Amino acid sequence: MKKFLALLLALVMVFALAACGTPAADPTDTPDDSTVTDTPDDGTVTDTPDDSTVTDTPDDTPDDTNYRVAMITDYGDITDQSFNQTTYEACKEFCEENGLDFNYFKPSSDNDADRIAMVESAIDEGYNVIVMPGYAFANTIKATAETYSDVTFIALDVGDGDLNPTDENGELIDEYYELPANAYSAVYQEELCGYMAGYAAVKLGYTKLGFLGGMAVPAVVRYGYGFVQGVDAAAKELDINVEMKYVYGGLFYGSADITAVMDTWYSQGTEVVFACGGGVYTSAAEAAAKVNGKLIGVDVDQSGIIDGAYGEGMTVTSAMKGLAPTVKYMLGEVLAGNFANHGGKIETLGLVSGDDPEANYVQIPMESTQWSDSFTQDDYKALVAGMFDGTIVVSNDTTAEPAVTNVVVDYQGQIVGG
């Protein structure tokens with residue numbers, strides 16, 4: 001009897017303890033003061049201790065200074081008053097505004113090995129966002145992006161054709177390469193702003209034009225062929241004939257040989273030269289200054305630079321693409337944690353508005369273009385609207401010279417190394 005009572009007492013105590021225990025948690029019934037994290041995909045709930053700090057980002061989370069930005073220059077340097085300088089200034093301004101460490105690295109010479117070495121030097125020094133302006137960085141990306149998968153790479157003007165070159169038969173030279181998730185490149189519809197500049201020049205009364213490209217790379221060719229198309233379209237509307245000389249310098253900077261050719265052009269009656277390619281504009285500007293000739297700038301509004309150095313009123317307009325907005329936007333996406341939306345992509349940037357020309361990634365400057373009654377800002381806005389809605393079609397084919405009717409183009413090949 002005593003054993004039975006003892007067993008009965010033990011059972012009573014067990015049931016009493018069970019009654020005092022915590023019931024099984026219902027994942028859908030979270031207490032008001034719970035700090036349970038989001039439910040994972042497998043439906044389980046992860047408990048978080050009461051003192052957890054893994055919910056919303058706490059005040060003591062490391063800030064944006066964890067990002068360090070480096071820019072690597074291509075053929076030019078940060079004083080080229082064009083592609084490199086614009087990219088450098090955009091990086092510098094963004095980093096100063098956001099408290100980020102920034103520096104630039106200049107390869108010792110123009111080859112893939114030195115560009116790769118500069119990227120690796122920047123990474124060795126702790127820079128984890130690398131900005132690379134120019135098509136010449138294609139092989140650098142291929143050699144470094146996947147190796148340094150924890151580094152973010154932002155490139156400008158590196159297109160699919162640069163990453164995947166073909167031979168004379170159109171066959172891939174190497175295995176097809178796709179950008180990894182930690183790399184992004186922006187390319188532009190230069191043919192559109194080249195068209196705008198050419199159209200404007202003819203509408204403003206110029207009928208003897210020239211195109212001086214730096215090197216015959218896709219972006220420069222798009223500028224040039226767009227320019228030819230715009231000139232022809234305006235000449236057709238006015239029912240006039242226009243003459244054009246067309247050449248590539250073979251360099252992205254001015255030289256005595258290029259200046260000599262520009263001297264010849266201007267002395268033979270050329271009125272305006274579209275100088276397209278880094279510092280090559282200096283050769284055209286030196287020649288233009290001797291005869292009161294005119295220039296069209298490239299990439300950015302170059303009127304202040306050219307007019308200040310070579311003569312007030314020299315720059316008719318500039319064919320611009322949104323280098324600085326692209327750099328600042330992409331760096332902002334990195335800081336916001338949104339780079340995954342862009343990684344692995346080559347994005348083509350051009351027109352985003354038919355109503356506001358200044359909102360577009362390709363344009364001519366509203367402030368400094370030498371408008372006249374024959375080509376007003378309203379005329380320009382109408383031109384952009386036509387491009388945006390498809391009424392005006394501009395070819396981006398870089399493999400064949402544009403078909404024209406009202407302009408005679410004298411293609412002169414390449415000056416240096418041609």
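On a predicted model such as this, the values are computed, not experimentally measured, just so you know. No hydrogens, no waters, no symmetry mates; every other heavy atom, side chains included, goes into these values. We number each residue from 1, following the sequence as shown.
In this structure, the side chain of Gln370 engages the main chain of Gly313 through a donor-acceptor pair within 3.5 Å. Of the possible polar contacts, none joining the Lys345 side chain to the Ser185 backbone as a donor-acceptor pair under 3.5 Å is found. Formation of a donor-acceptor pair under 3.5 Å by the Tyr148 side chain with backbone atoms of Glu120 is not found in this model. Asp232 places a side-chain N or O within 3.5 Å of a backbone atom of Thr405 that can act as its donor or acceptor partner. Glu171 places no side-chain N or O within donor-acceptor distance of the main-chain N or O of Asp167, the cut-off being under 3.5 Å. Between the side chain of Thr398 and the backbone N or O of Val221, no donor-acceptor pair lies under 3.5 Å. Asn84 places no side-chain N or O within 3.5 Å of a backbone atom of Thr73 that could act as its donor or acceptor partner. Using a distance-only test at 3.5 Å, with no hydrogens or angles considered, a donor-acceptor pair links the side chain of Thr282 to the main chain of Gly279. No donor-acceptor distance shorter than 3.5 angstrom exists from the side chain of Thr270 to the backbone of Val272, with no hydrogens or angles considered. Not one N or O on the side chain of Asn360 forms a donor-acceptor pair closer than 3.5 Å with the backbone of Gln363.
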Go through it in stages, so that I can follow the logic: the residues are Tyr411 and Val228, the test is side chain to side chain contact (heavy atoms under 4.5 Å, CB included), and I'd like the CA-CA distance, side-chain angles, deciding distance and then a yes or no. CA-CA 11 Å; Tyr411 290 99; Val228 171; 4.2 Å; yes
May I have the step-by-step check of side chain to side chain donor-acceptor pair (under 3.5 Å) for Ser255 and Asp257, ending in yes or no? CA-CA 5 Å; Ser255 74; Asp257 289 339; 5.1 Å; no
Please evaluate residues Asp77 and Tyr253 with respect to the criterion side chain to side chain donor-acceptor pair (under 3.5 Å), reporting the C-alpha separation (whole Å), side-chain torsions for both, the decisive distance (0.1 Å), and the verdict. CA-CA 11 Å; Asp77 57 36; Tyr253 51 86; over 6 Å; no
Decide yes or no on side chain to side chain contact (heavy atoms under 4.5 Å, CB included) for Ile130 and Thr144, but give the supporting numbers first. CA-CA 11 Å; Ile130 308 295; Thr144 59; over 6 Å; no
Between Glu237 and Tyr199, is the side chain to side chain donor-acceptor pair (under 3.5 Å) condition met? List the steps. CA-CA 10 Å; Glu237 288 182 14; Tyr199 185 92; 2.7 Å; yes
Determine whether Met71 and Met132 satisfy the following criterion, side chain to side chain contact (heavy atoms under 4.5 Å, CB included), listing intermediate values before the conclusion. CA-CA 6 Å; Met71 173 202 158; Met132 299 170 292; over 6 Å; no
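Using modelled atom types and a 3.5 Å distance limit, the side chains of Thr152 and Tyr67 yield no donor-acceptor pair. When only modelled atom types and interatomic distance are considered, Tyr184 and Glu347 share a side-chain donor-acceptor pair under 3.5 Å. Between the side chains of Asn182 and Ser149, no donor-acceptor pair is found at a separation under 3.5 Å. A side-chain N or O of Gln412 and one of Trp265 form a donor-acceptor pair less than 3.5 Å apart. Side chain to side chain, Ser303 and Thr315 fail the donor-acceptor criterion of an N or O pair below 3.5 Å. A donor-acceptor pair shorter than 3.5 Å cannot be found between the side chains of Tyr177 and Asn139. In this structure, a donor-acceptor pair under 3.5 Å is absent between the side chains of Asp397 and Ser395. At a cut-off of 3.5 Å, with distance as the only test, no side-chain donor of Asp356 or Ser353 sits close to an acceptor on the other residue.
Between His342 and Tyr329, the ring planes lie perpendicular to each other; the angle is over 60°, past the 30° to 60° tilted range.
In this structure, Ile305 CD1 and Leu295 CG are separated by 12.0 Å, a value rounded to the nearest 0.5 Å. Here Ser318 contributes atom OG and Tyr281 contributes atom OH; the two are 11.0 Å apart, rounded to the nearest 0.5 Å. Atom CE in Met330 sits 10.0 Å away from atom CG in Leu156 (nearest 0.5 Å).
Under a cut-off of 6.0 angstrom, the local environment of CD in Glu97 is crowded, with over 12 non-hydrogen atoms contributed by other residues, nucleotides or ligands. Other residues, nucleotides and ligands contribute over 12 non-hydrogen atoms within 6.0 Å of the CG atom of Asp389. Counted within 6.0 Å of CD on Gln414, heavy atoms from surrounding residues, nucleotides or ligands total more than 12; the atom is thus considered enclosed. More than 12 heavy atoms of other shown residues, nucleotides or ligands fall within 6.0 angstrom of atom CG in Asn169. Other residues, nucleotides and ligands contribute at most 12 non-hydrogen atoms within 6.0 Å of the NZ atom of Lys92. Taking a 6.0 Å sphere around OH of Tyr104, one finds it holds 12 or fewer heavy atoms contributed by other residues, nucleotides or ligands. Residue Asp355 places its CG atom among 12 or fewer non-hydrogen atoms of other residues, nucleotides or ligands, all under 6.0 Å distant.
For the pair Asp110 and Arg115, the salt-bridge criterion is met [side-chain N within less than 4.0 Å of a carboxylate O]. A salt bridge between Asp157 and Lys321 is present, with a side-chain N of the basic residue lying under 4.0 Å from a carboxylate O of the acidic one. Remark: Glu286 does not engage Lys290 in a salt bridge, criterion side-chain N to carboxylate O under 4.0 Å.
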Sequence neighbours left out, cut at 3.5 Å: what donor-acceptor pairs do the side chains of residues 205-217 make with other protein atoms?
| from | atom 1 | to | atom 2 | distance (Å) |
| --- | --- | --- | --- | --- |
| Lys208 | NZ | Glu243 | OE1 | 3.3 |
| Lys208 | NZ | Glu243 | OE2 | 3.4 |

Between side-chain atoms of residues 121-129 and protein atoms elsewhere (two or more places apart, or another chain), which donor-acceptor pairs fall under 3.5 Å?
| from | atom 1 | to | atom 2 | distance (Å) |
| --- | --- | --- | --- | --- |
| Ser121 | OG | Ala117 | O | 2.9 |
| Tyr127 | OH | Arg68 | NH2 | 3.4 |
| Asn128 | OD1 | Arg68 | N | 2.9 |
| Asn128 | ND2 | Asn66 | O | 3.0 |

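Between Tyr248 and Tyr246, a ring centre-to-centre spacing shorter than 6.0 Å is recorded. Remark: aromatic rings of Tyr195 and Tyr225 are distant, center separation not under 6.0 Å.
Closest of all the heavy-atom pairs between Val220 and Cys276 is CG1-O, 3.9 Å. Between Ser283 and Thr259, the shortest heavy-atom distance links the atoms OG-OG1, 2.8 Å.
Using a 4.5 Å cut-off on side-chain heavy atoms (C-beta onward), Met366 and Tyr380 make contact.
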